[in-house]
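FYI, the numbering just counts along the sequence from 1.
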Amino acid sequence: MGGRRLPAAGFDPQEWREHGQPWTATSFSLSQLREFGLDPACGQARRSVELIGTNARWEEDGQPYWQGEVEECINRRTIADGAYFGIDVSPIVDRQTGERLDDGGWNCLRVDGSYRSPFASTINVLEGLLEFERSTGGTPQCREARRSGEEFLLKRHLSRPSELVLEILPETHKGAFTKEDGEKVLDAKGKRIV
């Protein structure tokens with residue numbers, strides 16, 4: 001059975017009351033249980049999800065776990081797990097769809113001022129939105145945002161690095177640079193080819 005079983009007695013309520021439950025353990029454990037196929041309707045799952053809602057808090061502002069965090073990649077887990085386990089995460093989905101950047105994707109560091117959408121962040125968000133749609137049927141805004149994010153990836157040929165990658169290359173990289181698709185971007189002297 002592996003991850004399909006939870007302790008019959010559940011988790012120790014006294015421990016939850018005294019120490020709370022850190023989001024890190026909660027988030028990754030819930031995701032693993034979802035990915036392993038734990039029946040979301042089983043008693044242990046329902047009880048655990050209830051305890052999480054009552055006791056787990058985010059570090060950002062101490063908000064309850066099922067209200068979500070401020071960071072898109074963390075919220076993608078909260079959305080996917082909550083939807084799977086029957087929690088109404090539509091307020092987080094609404095917020096997440098509104099946090100899409102102008103280029104059509106998402107950036108997990110947006111709250112820190114980043115304004116470009118990397119593939120990894122966008123894929124993270126898309127995974128959460130897709131699980132929400134699978135579990136609930138989704139909303140028109142959710143489906144539109146997911147299609148927009150997919151289009152963001154397709155327009156960039158999924159693995160073709162943007163020229164913006166040049167801004168994050170280490171200083172030691174001063175020679176020629178060629179994209180994965182063969183397009184030369186920097187010459188041997190490290191000057192941009194136009």
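Nearest heavy-atom pair, L126 versus G149, reported as atom, atom and distance to 0.1 Å: CD1-C, 3.8 Å. The two residues R57 and G53 have their closest heavy-atom pair at NH1-O, 4.0 Å. Nearest approach of T97 to C142, heavy atoms of both residues: CG2-CA, 3.9 Å. Between R76 and C73 the shortest heavy-atom distance is CG-O, 3.3 Å. Among all heavy-atom pairs drawn from A83 and S135, the shortest one is O-CB, 3.5 Å. Contact detail for A45 and P40: the closest heavy-atom pair is CB-O, 4.0 Å.
With D103 contributing its side chain and S117 its backbone, the two residues share a donor-acceptor pair below 3.5 Å. Side chain of S148 to backbone of E144: no donor-acceptor contact under 3.5 angstrom is found. Not a single donor-acceptor pair under 3.5 Å links the side chain of Q141 to the backbone N or O of T139. In terms of modelled atom types and a separation under 3.5 Å, the side chain of E72 and the main chain of Q96 share no donor-acceptor contact. In this structure, T122 contributes its side chain and G105 its backbone to no donor-acceptor pair below 3.5 Å. Looking at Y84, its side chain does come within 3.5 Å of a backbone N or O of L38 through a donor-acceptor pair. With hydrogens and angles ignored, the 3.5 Å screen pairs no side-chain donor or acceptor of S121 with any backbone N or O of N107.
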_I'd like to know whether I52 forms a side-chain contact (heavy atoms from CB on, under 4.5 Å) with F85, so could you lay out the CA-CA distance, the side-chain angles of the two residues, the decisive distance to 0.1 Å, and finally the verdict._
CA-CA 12 Å; I52 289 165; F85 287 106; over 6 Å; no

*For S90 and D88, what are the C-alpha separation, side-chain angles and deciding distance, and is it a side chain to side chain donor-acceptor pair (under 3.5 Å)?*
CA-CA 6 Å; S90 56; D88 178 13; 2.5 Å; yes

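With sequence neighbours excluded, the residues forming a side chain to side chain donor-acceptor pair (under 3.5 Å) with E35 are Q32, listed by chain and number.
Residue L51 holds its CG atom at 11.5 Å from CZ of R46, rounded to the nearest 0.5 Å. The line from CD of E50 to CZ of R47 is 5.0 Å long, rounded to the nearest 0.5 Å. Between the CZ atom of F152 and the CD1 atom of I123 there is a distance of 9.0 Å, given to the nearest 0.5 Å. Rounding to the nearest 0.5 angstrom, the gap separating the CZ atom in R100 from the CG atom in L129 is 9.5 Å. Here CD of E59 is found 7.5 Å from CD of E69. Values are rounded to the nearest 0.5 Å.
When the shell of 6.0 Å around CG of D112 is examined, it contains more than 12 heavy atoms from other residues, nucleotides or ligands.
I79 and L101 fall into different hydrophobic clusters, where Ile, Leu, Val, Met, Phe, Trp and Tyr are joined by side-chain heavy atoms under 4.5 Å apart, directly or via other members. Under a hydrophobic clustering in which Ile, Leu, Val, Met, Phe, Trp and Tyr are joined whenever their side-chain heavy atoms come within less than 4.5 Å, directly or via other members, L153 and L130 fall into different clusters.
Contact of the V89 side chain with the F132 side chain is registered, since non-hydrogen atoms from C-beta on lie closer than 4.5 Å. Residues L30 and R77 form no side-chain contact, since every pair of their non-hydrogen atoms from C-beta on lies 4.5 Å or further apart. Residues I92 and R95 form a side-chain contact, since some pair of their non-hydrogen atoms from C-beta on lies under 4.5 Å apart. With a 4.5 Å cut-off on side-chain heavy atoms, T78 and W58 count as touching. Put simply, the side chain of W106 does not reach to within 4.5 Å of the side chain of N75, judged on heavy atoms.
Checked options S31, S29, S27; the residue passing with D81 is S31 (criterion: side chain to side chain donor-acceptor pair (under 3.5 Å)).
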